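One structure is given below, encoded as structure tokens.
Keep in mind it's a predicted model, so treat the numbers as computed, not measured. The analysis underlying the following values was restricted to heavy atoms, covering all of them including side chains, and did not include hydrogens, waters or symmetry mates.
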Amino acid sequence: MENNMFSLMASEEYSSDRRCIWVNGPVIVGAGPSGLATAACLRDQGVPFVVVERSDCIASLWQKRTYDRLKLHLPKKFCQLPKMPFPDHYPEYPTKRQFIDYLESYASHFKIKPEFNNSVESARFDETSGLWRVRTTSAGEEMEYICRWLVVATGENAEQVVPEINGLKTKFNGEVIHACEYKSGEKFRGKRVLVVGCGNSGMEVSLDLANHNAITSMVVRSSVHVLPREVMGRSTFGISVMLMKWLPLWLVDKLILLLSWLVLGSLSNYGLKRPNIGPMELKSKTGKTPVLDIGALEKIKSGDVEIVPAIKRFSRCHVELVDGQKLDIDAVVLATGYRSNVPSWLHECEFFSKNGFPKSPFPNAWKGKSGLYAAGFTRKGLAGASADAVNIAQDIGNVWREETKRQKMRRNVGHRRCISVA
């Protein structure tokens, strides 16, 4: 195996139906922030790698499936990738365009050149050879990468979630889009729009629609934590991180909720009920992120965004709610989230669960068996992905250096034997 893995950076063989590529290092699946961070850390360790990406660009979620007004919800210091901070002139909450520019500069700086338009069909560990076999398709051509290490960096948000709602597909005549297809409220000006979902995306889409004078309603089926993005000029998230260094999680939650009440007031009168469990504990246990308000609450309080309960059914041009209300609507935006797509292509069941997330909780969710790694599945945002990247690169780098050292020693011994025989 060592002879195969360490002889060439990437060598190729051809079989009857596909091209085989031997990779002298890990294959990283995904060129989003997690994949880029891992590649940069591996570059710093001197370990070669190959990045495969199904789209035609890095960070395709950010470039192609986000709305125009999007900004980072957390301060930039919590969102920068390893070994390269954001430019000093960037604002505290960089825009979508600024973040994409940062990622492109990051990839250029670390000489990361993904294999674009290369979709992974399957990946499995070959027990006989002790290697991973990663099959991909690119422009109709099938390829198989063979490597010792596999880094799964496709992320928590690889595929959109579209729920089955009675009548939505079969009876409703209006426009239906997922939040990943939403760009701006301009096209919905003057229209009656129903936003399904009340997470950060649902809240921000509702705000944008209201700003463009759409008649906006937002479905809130369950309880939700809504927090101010800042308290007295300081990031609410930053305050939480600081408090968690000294206080138990339950006490941090109580303090954050008290600060939130002082800034936002009670929200129950507006149809927003808080969960029984605190925001940080809920995030830790379930991965559900609290909403950081950037203006939607003002629209809700003013009536520009109406909160409505769960949906019962759709008909041709209106929706019936569980409380008996009927609303005339022209369009629906499904802010219903995303999911991991790992189970669709990774043939492995020990490390990843059926929902596409590692079974082990943070901070042990980055390393599996047989050279399998996961980057960006901690439900802790870009900071969690960065921590994964550092750990993965150090782990692979340690093995790489030891085996490279042994290879050199064997070559030196062989060289001395040749000299003595001569």
Problem set entry | Smallest separation among heavy atoms of Tyr93 and Ser235, with atom names | OH-CB, 4.0 Å

Problem set entry | With Val319, the side chain to side chain contact (heavy atoms under 4.5 Å, CB included) member among Val219, Leu327, Leu168, Asp328 | Leu327

Seminar exercise, completed: Scanning both residues in full, the closest heavy-atom pair of Met218 with Gly202 reads SD-O, 3.8 Å

For this session: Flag yes if more than 12 heavy atoms outside Lys301 fall under 6.0 Å of its NZ atom; otherwise flag no.
Result: yes

For this session: Might you point out which heavy atoms bring Ala365 and Ala374 nearest each other, and give the distance in Å?
Result: O-CB, 3.7 Å

Problem set entry | Arg234 atom CZ, over 12 foreign heavy atoms within 6.0 Å | no

Exercise. Checking side-chain hydrogen bond (donor to acceptor under 3.5 Å, both in side chains) for the pair Ser184/Asp68: CA distance, chi angles, key distance, verdict?
Worked result: CA-CA 6 Å; Ser184 167; Asp68 295 340; 4.8 Å; no

Problem set entry | More than 12 heavy atoms of other groups within 6.0 Å of Lys71 NZ | no

Exercise. Should we say atom NZ of Lys312 is surrounded by more than 12 heavy atoms from elsewhere, each under 6.0 Å from it?
Worked result: no

Problem set entry | Salt-bridge contact Lys380-Asp388 (side-chain N to carboxylate O under 4.0 Å) | no

Exercise. Can you name the nearest heavy-atom pair linking Val322 to Pro309, along with the distance?
Worked result: CG2-CB, 4.0 Å

Exercise. Near Glu298 CD, under 6.0 Å, is it more than 12 heavy atoms from other residues, nucleotides or ligands?
Worked result: no

For this session: Might you confirm whether atom NZ of Lys359 has over 12 heavy atoms from other residues, nucleotides or ligands at distances under 6.0 Å?
Result: yes

Problem set entry | Closest non-hydrogen atom pair between Ile58 and Ala107, with its separation | CD1-CB, 4.4 Å

For this session: Would you confirm whether the ring centroid of Tyr102 sits within less than 6.0 angstrom of the ring centroid of Tyr90?
Result: no

For this session: Decide yes or no for Cys79 and Phe86: does some side-chain heavy atom of the first lie under 4.5 Å from some side-chain heavy atom of the second?
Result: yes

For this session: Return the minimal non-hydrogen interatomic distance between Phe172 and Ala331, and the atom names on each side.
Result: CZ-N, 4.1 Å

For this session: Decide yes or no for Trp149 and Trp132: does some side-chain heavy atom of the first lie under 4.5 Å from some side-chain heavy atom of the second?
Result: no

Problem set entry | Asn355, CG atom: more than 12 neighbouring heavy atoms under 6.0 Å | yes

